[in-house]
Amino acid sequence: MKPAIVDLAERIQSDIQQRKLQPGDPYYTTSETARSFQVSGTTANRALQLLTQRRVLVRKQRAGTFIADPESNKTEQALRRVHLVVHQKYLEREGLLADGILIGLQRELPEAELEFNFLPHRDEEAYVEEIVNRALKSSVTEGFVLQRAQVGVQRILQESGLPTVVNGVLQPSITGLAHIDRDQGEMGRLLFQHLLQQNCQRVLIVFRDQVTAGDHLLLDAVQREMHGAGWGIDRLTVRCLPADDRAIQVSAQDVLSQSSVKLGILCRSEPAARAIAAVISGLNYPRKKQPVIVVADHFAREQAPCLFPHIRPCLSPEAYGQEIGRMLVRQMNRAAPRNLFCNVSVELVKPS
């Protein structure tokens with residue numbers, strides 16, 4: 001089912017075509033649109049705002065709404081502002097939007113202003129709703145890039161109809177957004193197989209406290225590999241932990257103390273891996289039982305080398321950012337966002 005304002009925007013465009021309205025012709029006011037299409041004034045206003053963003057209509061203060069001239073708008077099609085929506089704690093701790101991605105995005109959209117919007121600890125949806133409402137009313141065309149966004153935030157952007165790319169996996173029930181992500185299933189397979197080759201006999205997976213759909217895909221892949229290796233589910237331990245070194249260390253130490261066999265530790269983030277490595281370094285393990293740590297997410301915001309076997313996308317950060325930019329441009333050119341998806345191949349990198 002399409003979001004209400006997207007559906008109404010398409011009906012309005014059909015109405016314009018059926019009535020053969022020409023550039024410069026007046027269109028309905030908000031109240032007339034609401035009455036004509038039997039929708040609320042809010043839905044009518046946001047659909048008209050969306051069509052203004054798409055340069056189908058032009059709204060002139062105190063004059064009304066008019067059919068836009070496609071020829072005169074050709075030079076105005078570029079996105080003027082891109083909102084990068086991310087949790088500040090993740091950006092500071094893990095660098096979830098690597099500098100290379102931002103460079104690639106700016107290269108693809110040279111005229112766009114990149115604006116960071118940091119999600120609050122509470123009321124994420126209200127915060128994003130406010131930004132979206134401002135974007136719909138803006139005199140310039142705006143788009144969004146979402147990083148680790150929960151389902152409510154993704155749903156708001158889906159319903160807005162604004163050009164949006166999710167950097168990650170879409171949350172359950174979300175189908176109407178463009179998205180790009182590393183191949184999470186292949187990540188799980190590669191990391192588990194490395195632990196298996198290192199003779200690990202049990203696996204601890206450390207996720208962040210806010211679990212996403214991408215985590216589910218990675219976990220599913222690990223479980224498939226475990227089954228293929230003849231492992232039972234009792235050999236798997238999963239912990240979802242806050243981005244706090246002490247909390248991670250205490251939880252990992254508890255699992256380490258209960259493991260009588262060689263433990264493989266799959267960390268979603270590199271900071272978690274470093275915290276656990278600090279604990280292991282203080283313990284006296286025989287070489288054959290020394291735990292092995294692997295990392296799924298190494299974003300290298302500061303270009304620091306990763307000390308653990310880790311996953312690297314086969315696209316460079318710059319190319320990754322450019323692909324995000326191209327997805328936004330395609331939406332400006334009327335491509336259906338649900339058809340825009342890039343599943344980025346990955347490889348396992350072992351530190352020298």
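For the numbers below, each heavy atom of this structure counts, side chains included, while hydrogens, waters and symmetry mates do not.
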Test side chain to side chain contact (heavy atoms under 4.5 Å, CB included) on D297 and I311; report intermediate values, then the result.
CA-CA 7 Å; D297 293 352; I311 293 296; over 6 Å; no
Could you check whether any side-chain N or O of N133 sits under 3.5 Å from a backbone N or O of E129, counting only pairs where one atom can act as donor and the other as acceptor?
yes
Is the backbone of A275 close enough, under 3.5 Å, to the side chain of Q249 for a donor and an acceptor to pair up by distance?
yes
Exceeds 12 heavy-atom contacts within 6.0 angstrom, atom NE2 of H227
no
Taking atom types as modelled and ignoring hydrogens, do the side chains of E124 and H87 form a donor-acceptor contact shorter than 3.5 angstrom?
yes
Under 3.5 Å, side chain of S14 to main-chain N/O of E10, donor-acceptor pair present?
yes
Taking the side chain as every heavy atom from C-beta outward, state whether V153 and L146 have any pair of such atoms under 4.5 Å apart.
yes
What are the two closest heavy atoms between R235 and Q201, and how far apart are they?
CD-O, 2.9 Å
Would you mind checking if E142 and R80 are paired as a salt bridge, meaning a charged N to carboxylate O distance below 4.0 Å?
no
Smallest heavy-atom separation, A34 atom then A44 atom, equals N-CB, 3.8 Å
Mind checking whether L204 and L219 sit in one hydrophobic cluster, side chains of I, L, V, M, F, W, Y counted as touching below 4.5 Å?
no
Sorted by chain and number, sequence neighbours left out, side-chain hydrogen bond (donor to acceptor under 3.5 Å, both in side chains) with D15 holds for R19, Y27
Between S40 and T43, do the side chains contain a donor N or O and an acceptor N or O under 3.5 Å apart?
yes
Donor-acceptor contact below 3.5 Å, side chain Q331 vs main chain T164
yes
Side-chain heavy atoms under 4.5 angstrom apart, residues restricted to Ile, Leu, Val, Met, Phe, Trp, Tyr: same cluster for I248 and V250?
no
Before giving the answer on side chain to side chain donor-acceptor pair (under 3.5 Å), spell out for R182 and S345 the whole-Å C-alpha distance, their side-chain angles and the decisive distance to 0.1 Å.
CA-CA 6 Å; R182 296 159 301 154; S345 299; over 6 Å; no
Check whether E32 reaches the backbone of T29 with its side chain - one donor and one acceptor, N or O, closer than 3.5 Å.
yes
Do the side chains of L307 and V295 get nearer than 4.5 Å, heavy atoms only?
no
Closest approach of Y28 to T65 (non-hydrogen atoms, all atoms of both residues)
O-CB, 3.9 Å
Report the distance from atom CG of L119 to atom CZ of R148, rounding to the nearest 0.5 Å.
11.0 Å
Side chain to side chain, E225 and V222, heavy atoms closer than 4.5 Å:
no
I'd like to know if the side chain of K137 and the backbone of V132 have a donor-acceptor N/O pair within less than 3.5 Å.
no
Can you tell me if T30 and R59 form a side-chain donor-acceptor pair at under 3.5 Å?
yes
What's the spacing between R239 CZ and C267 SG if we round to 0.5 Å?
13.0 Å
CD1-CD1 distance between I265 and I276, expressed to the nearest 0.5 angstrom
5.0 Å
Derivation of the side chain to side chain contact (heavy atoms under 4.5 Å, CB included) call for L236 and I205
CA-CA 8 Å; L236 174 66; I205 300 182; 3.8 Å; yes
Take the angle between the ring planes of F144 and H83 and call it parallel below 30°, perpendicular above 60°, tilted in between.
parallel
Please enumerate all residues that pass side-chain hydrogen bond (donor to acceptor under 3.5 Å, both in side chains) together with E186, with sequence neighbours excluded.
R189
Can E323 and R330 be said to form a salt bridge (charged side-chain N to carboxylate O under 4.0 Å, His left out), step by step?
CA-CA 10 Å; E323 184 59 35; R330 290 184 194 122; 3.3 Å; yes
D25 with K20: basic N within carboxylate O range, under 4.0 Å
no
Give the minimum heavy-atom separation between K262 and V292, together with the two atoms involved.
CE-CG2, 3.6 Å
Connected via hydrophobic side-chain network under 4.5 Å: F118 and I101
yes
Show the numbers, then the answer: is there a side chain to side chain contact (heavy atoms under 4.5 Å, CB included) between Q150 and E125?
CA-CA 9 Å; Q150 297 300 305; E125 294 175 30; over 6 Å; no
Is any side-chain N of the basic residue among E130 and R134 closer than 4.0 Å to the acidic one's carboxylate O?
yes
Short question: side chain of S259, backbone of L256 - any donor-acceptor pair under 3.5 Å?
no
Can you check whether I293 reaches I280 side chain to side chain, under 4.5 Å on heavy atoms?
yes
Step through the shown structure and confirm whether more than 12 heavy atoms of other residues, nucleotides or ligands are within 6.0 Å of CD on Q258.
yes
Please assess V206 against V238 for the test side chain to side chain contact (heavy atoms under 4.5 Å, CB included), listing each intermediate value before the final yes or no.
CA-CA 6 Å; V206 179; V238 178; over 6 Å; no
Side chains of S269 and R208 only: does a donor on one sit below 3.5 Å from an acceptor on the other?
no
How many angstroms lie between CG in L263 and CD in Q198, if you round to the nearest 0.5 Å?
13.5 Å
Quick check on the hydrophobic clustering: are L217 and V344 connected, directly or via other members, by side-chain heavy-atom contacts under 4.5 Å?
no
Applying side-chain contact (heavy atoms from CB on, under 4.5 Å), name anything that partners A9, two or more places apart in sequence or on another chain.
L50, L51, R54
When you measure from the side chain of E318 to the backbone of G321, do you find a donor-acceptor pair of N or O atoms at a distance under 3.5 Å?
no
Within this structure, what is the CD1-CZ distance for the pair I174 and R338, rounded to the nearest 0.5 Å?
11.0 Å
Close side-chain approach of V203 and F192, heavy atoms under 4.5 Å
yes
Quick one: are L348 and R312 in side-chain contact, heavy atoms under 4.5 Å?
no
Side chains of T212 and D215, heavy atoms from C-beta outward: is any pair under 4.5 Å?
yes
Give the minimum heavy-atom separation between S257 and D254, together with the two atoms involved.
OG-O, 2.7 Å
Ion pair present between R274 and D245, side-chain N to carboxylate O less than 4.0 angstrom?
no
Spell out, yes or no, whether L157 and V169 are grouped together once hydrophobic residues are joined by side-chain heavy atoms under 4.5 Å, including indirect joins.
no
Answer yes or no: is there a donor N or O on one side and an acceptor on the other, between the side chain of K289 and the main chain of S260, under 3.5 Å?
yes
So, for I324 and V165, which heavy atoms are closest and what is the spacing to 0.1 Å?
O-CG2, 3.8 Å
Could you grab the distance from atom CZ of R46 to atom CD of E159, nearest 0.5 Å is fine?
8.0 Å
If you define the side chain from C-beta out and look only at heavy atoms, does anything of Q322 sit under 4.5 Å from L105?
no
Side chain H310, main chain F308, donor-acceptor under 3.5 Å
yes
